[in-house]
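What follows is a single structure, written as structure tokens, with notes after it.
Position 1 is the first residue of the sequence; numbering continues from there.
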Amino acid sequence: MAVNENSTSPSQTHPGPVLNAPLQPLEEAYWSKELASFRGYIKERPGANYRDWQPTKWQSLARVSAELVATGRETLRMPTALELGCGSATLLTQLAAGGWKCVGVDCAPSALMLAREAAESLCLSNTPSFLLADFLSPEFKHQIDPADLVFSIGVLEHFDGAAQEEVFEIHCQFSRQWVLIGLPNLESPIFRSFIEWARRAGRLYEEEHFPVSVPSLAVKSGRRLLRSDGCHLFLSRAEYYIEGDPELDAFYARLRELLICQGGERYRNFPQLDLRPDDIPILQSVEANVSAHERLRFGFLNYYLVEAAALHP
């Protein structure tokens, strides 16, 4: 399950699952709640879409998708993408909007319903296809074709030890070109602020979060790490920001000046500011102009692009 600061269900560490585990009721309950929230938002706001519902999530992944779309355009005629454990499929939908042929896989029916309805709300000419399946099952290899890019966001950290290596290898086996792994940045001051808000609000639940080193997994499997970066520097609601962390306060003071410079006095109150869909271009510009090192440190999400083929097969 992807960690999402726009949701109200962040998680804490809990013992990890075994491979080919059955669908956890908690996962379906989470996505059912998210689906109901999205439907309620759309119903109350005629003409609204998924991007309006999740502006900072959409903004944070837009730069990642733009980089991938540009890379695909340079090297492939018709790039394809497969997302494992796709959830609401934000990045996958952005890739489809960029012309990629995309398939999302999840074992939670409510997640796939949300992904479909989210994509439909954007009125795209090219939308992803979705498959209800368990990518850990032996039968999965007969249900899906390889893709140029295979990725997951908020999945690998739910596995521990050797299971991480197996899940990483599954990504590589189905990929013709690249693997991208996105992980919640548990050390990020921004992530910690959100978790502290959730704790105070009584909205934490227990689920699996284990430390993951994608660079180490790449080295151990003999694969080349192409890029390490972070994203999602902005919390969508003012209440998610908990004042008092000197490192975060200093970083957000710097972002505030950049926001004011590019977007005007509306941002004078940042981070005590609820962000809106019309903020997306300014947020994108500011995030793009922060160094990759800072994005890795502060980003709510870190991501890693790996070459799928082993250097020494």
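Under a 4.0 Å N-O distance rule, the pair Glu196/Arg192 does not qualify as a salt bridge. A salt bridge links Glu169 to Arg223: one of the charged nitrogens lies within less than 4.0 Å of a carboxylate oxygen.
Judged by distance alone, the side chain of Gln94 and the main-chain N or O of Trp58 form a donor-acceptor pair under 3.5 Å. Here the side chain of Tyr41 pairs a donor or acceptor atom with the backbone of Asp52 at under 3.5 angstrom. The backbone N or O of Asp148 lies less than 3.5 Å from a partner atom in the side chain of Ser175, making a donor-acceptor pair. With hydrogens and angles ignored, the 3.5 Å screen pairs no side-chain donor or acceptor of Ser32 with any backbone N or O of Glu28. Panel note: side chain Ser236, backbone Leu275; no donor-acceptor pair is recorded below 3.5 Å. Between the side chain of Arg176 and the backbone N or O of Ala308, no donor-acceptor pair lies under 3.5 Å. In this structure, Gln164 contributes its side chain and Ser213 its backbone to no donor-acceptor pair below 3.5 Å. A side-chain donor-acceptor contact under 3.5 Å links Thr71 to the backbone of Glu67. Side chain of Ser285 to main chain of Pro281: no donor-acceptor pair is present (N/O by atom type, distance under 3.5 Å, no hydrogens or angles).
Between the SG atom in Cys107 and the CG atom in Asp134 there is a gap of 5.5 Å [rounded to 0.5 Å]. Distance check, rounded to the nearest 0.5 Å: CG of Leu301 to NZ of Lys57 gives 9.5 Å. The CZ atom of Arg39 sits 4.0 Å away from the CD atom of Glu117 when rounded to the nearest 0.5 Å.
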**side chain to side chain contact (heavy atoms under 4.5 Å, CB included) assessment of Asn126 paired with Leu124** = CA-CA 5 Å; Asn126 180 44; Leu124 303 175; 5.7 Å; no

**Phe174/Phe140 under ring-ring contact (aromatic ring centres under 6.0 Å, His included): CA gap, chis, key distance, verdict** = CA-CA 10 Å; Phe174 282 97; Phe140 182 67; 5.2 Å; yes

**Request:** Could you walk me through whether Leu76 and Gln177 pass the side chain to side chain contact (heavy atoms under 4.5 Å, CB included) test, one step at a time?
**Result:** CA-CA 10 Å; Leu76 301 166; Gln177 296 277 349; 3.9 Å; yes

**Message:** Between Val150 and Ile170, does the side chain to side chain contact (heavy atoms under 4.5 Å, CB included) criterion hold? Intermediate values first, please.
**Reply:** CA-CA 9 Å; Val150 176; Ile170 290 171; over 6 Å; no

**Asked** Going through the distances and angles, do Asn185 and Phe298 end up as a side chain to side chain contact (heavy atoms under 4.5 Å, CB included)?
**Response** CA-CA 8 Å; Asn185 182 5; Phe298 289 96; over 6 Å; no

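Evaluated for a side chain to side chain contact (heavy atoms under 4.5 Å, CB included) with Leu82, the options Leu92, Leu131, Asp145, Val103 yield exactly one hit, Val103. Arg268 pairs in a side chain to side chain contact (heavy atoms under 4.5 Å, CB included) with only one of the listed residues (Arg266, Gln272, Glu265), which is Glu265. Screening Gln284, His232, Glu287 for a side chain to side chain donor-acceptor pair (under 3.5 Å) with Gln59, the sole residue that qualifies is Glu287.
Aromatic ring pairs are classed by plane angle as parallel below 30°, tilted from 30° to 60° and perpendicular above 60°; the pair Trp53 and Tyr50 is tilted. The aromatic rings of Trp178 and Trp100 sit tilted relative to each other, their planes meeting at an angle between 30° and 60°. Aromatic ring orientation, Tyr240 versus Phe194: perpendicular (interplanar angle above 60°, classes split at 30° and 60°).
The distance between the ring centers of Tyr241 and Phe270 does not fall below 6.0 angstrom.
Taking the side chain as every heavy atom from C-beta outward, Thr127 and Thr93 never approach each other to under 4.5 Å.
Cluster membership check: Val219 does not share its hydrophobic cluster with Val306, using side-chain heavy-atom separations under 4.5 Å among Ile, Leu, Val, Met, Phe, Trp and Tyr.
A pairwise comparison of heavy atoms in Cys231 and Arg63 identifies CB-NH2, 3.7 Å as the closest pair.
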